[in-house]
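What follows is a short report on a single structure.
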Amino acid sequence: MNKTSYTNLSKAWEFIESRAVDEQRSYLQEIRSKVESQGHEQGSAAQASFLNTLIRLIGARSIILVGTAAAVETVQIIDALQGGGQLTVVDSSSDGAAVIRAIFNDLDDESDTRMRAVNASAGVFLPRLNAEDYDLIIVTGDASNYLASYQQSSRLLKQGGATVFTDMLGFQASDSQGGLLNPVDRDAKTLELRKLLSMVDDDETTDSTLIPVGTGMLIATHH
């Protein structure tokens with residue numbers, strides 16, 4: 001591709017993200033603004049919208065979200081479950097877990113989805129969950145969430161289930177130094193993402209695809 005093509009791709013990302021923000025219902029826009037004002041960075045709107053569509057497409061009813069105050073994703077997941085199913089949110093941050101519980105309280109009267117928020121690290125909590133009980137695992141947030149979730153995913157997922165890793169390019173944080181695109185970026189999350197990609201590539205029992213939605217998403221299934 002030439003320089004013009006790359007410029008158009010950049011403009012396309014901005015167009016898609018802006019459109020996704022505009023299409024969000026007012027409650028979700030208010031949640032994003034409120035949570036960001038509390039110091040919790042939120043992920044791409046297009047990414048959260050994609051997750052909503054994916055859940056509907058595959059008919060997922062039992063979902064784990066491993067995140068750090070992942071408010072926008074939480075609301076989109078509950079919306080996609082359409083008043084049914086179950087959502088377990090695992091958040092290693094006490095502040096983040098409080099954010100998610102507040103959202104659950106707000107939506108409790110509107111939805112029959114079973115919702116629970118757990119303040120624990122992925123590496124500690126996920127091994128306690130029942131095997132082959134989940135349709136979808138979504139991973140976002142802190143660096144420590146990624147490898148710990150991947151290591152448990154094949155045990156936790158039902159046959160045909162999938163794991164979606166967000167911000168796989170490492171761009172989301174406001175202090176990002178370029179993530180995977182910058183070879184000299186050595187921050188904790190970038191190093192974790194590189195390890196994860198290498199592990200997935202070397203795992204012959206895993207099929208995966210890296211897609212340029214939001215700040216990058218990796219979708220992995222086990223066979």
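Of all non-hydrogen atoms in H223 and T206, the two that sit nearest each other are NE2-N, 3.8 Å. Between V139 and N145, the shortest heavy-atom contact is CG1-O, 3.6 Å. In plain terms, the two heavy atoms of L180 and T190 that are nearest each other are CD2-O, 3.9 Å. The two residues I100 and A117 come nearest to each other via the heavy atoms CG2-CB, 3.9 Å. Between I16 and A46 the shortest heavy-atom distance is CG2-CB, 4.0 Å.
Rounding to the nearest 0.5 Å places CE of M217 at 10.5 Å from CG of L210.
Residues passing the ring-ring contact (aromatic ring centres under 6.0 Å, His included) test with H40: none are found, sequence neighbours excluded.
Taking the charged nitrogens against the carboxylate oxygens, E30 and K34 have no contact shorter than 4.0 Å, which rules out a salt bridge. Salt bridge D135/R61: absent, no basic N to carboxylate O contact under 4.0 Å.
Cluster membership check: L28 shares its hydrophobic cluster with M115, using side-chain heavy-atom separations under 4.5 Å among Ile, Leu, Val, Met, Phe, Trp and Tyr. Under a hydrophobic clustering in which Ile, Leu, Val, Met, Phe, Trp and Tyr are joined whenever their side-chain heavy atoms come within less than 4.5 Å, directly or via other members, V89 and I103 fall into the same cluster.
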Show every donor-acceptor pair shorter than 3.5 Å between a side-chain atom in residues 47-56 and any protein atom, with sequence neighbours excluded, or say none if there are none.
{"residue": "Q47", "atom": "NE2", "partner": "E73", "partner atom": "OE2", "Å": "2.9"}
{"residue": "N52", "atom": "OD1", "partner": "R56", "partner atom": "NE", "Å": "2.7"}
{"residue": "N52", "atom": "ND2", "partner": "Q76", "partner atom": "O", "Å": "3.2"}
{"residue": "N52", "atom": "ND2", "partner": "Q76", "partner atom": "OE1", "Å": "2.9"}
{"residue": "N52", "atom": "ND2", "partner": "D79", "partner atom": "OD2", "Å": "2.9"}
{"residue": "T53", "atom": "OG1", "partner": "S49", "partner atom": "O", "Å": "3.3"}
{"residue": "R56", "atom": "NH2", "partner": "D79", "partner atom": "O", "Å": "3.3"}
{"residue": "R56", "atom": "NH2", "partner": "D79", "partner atom": "OD2", "Å": "3.0"}

What verdict does the side-chain hydrogen bond (donor to acceptor under 3.5 Å, both in side chains) test give for N119 and S94, after you've listed the backbone C-alpha separation in whole Å, the side-chain angles of each residue and the deciding distance to 0.1 Å? CA-CA 6 Å; N119 177 204; S94 58; 4.8 Å; no
Apply side-chain contact (heavy atoms from CB on, under 4.5 Å) to the pair D91 and V99, showing each step before the final yes or no. CA-CA 10 Å; D91 196 316; V99 166; over 6 Å; no
Evaluate the criterion side-chain hydrogen bond (donor to acceptor under 3.5 Å, both in side chains) for residue pair R32 and Q29; output intermediate values, then yes/no. CA-CA 5 Å; R32 176 185 287 277; Q29 293 178 351; over 6 Å; no
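A 4.5 Å side-chain heavy-atom check between K189 and D142 finds every atom pair outside the cut-off. Side-chain contact between M168 and L197 is present, with at least one heavy-atom pair separated by less than 4.5 Å. At a threshold of 4.5 Å between non-hydrogen side-chain atoms, the residues S144 and E192 do not count as touching.
Enclosure of atom CD in Q38 by more than 12 non-hydrogen atoms of other residues, nucleotides or ligands within 6.0 angstrom is indicated. Remark: F15 CZ is loosely packed, at most 12 non-hydrogen atoms of other residues, nucleotides or ligands lying under 6.0 Å away. Heavy atoms from other residues, nucleotides or ligands lying under 6.0 Å from CG of N182 number more than 12.
Sorted by first then second residue, the ring pair (Phe, Tyr, Trp, His ring centres under 6.0 Å) pairs that include residues 103-159, not counting sequence neighbours, are Y150-H222.
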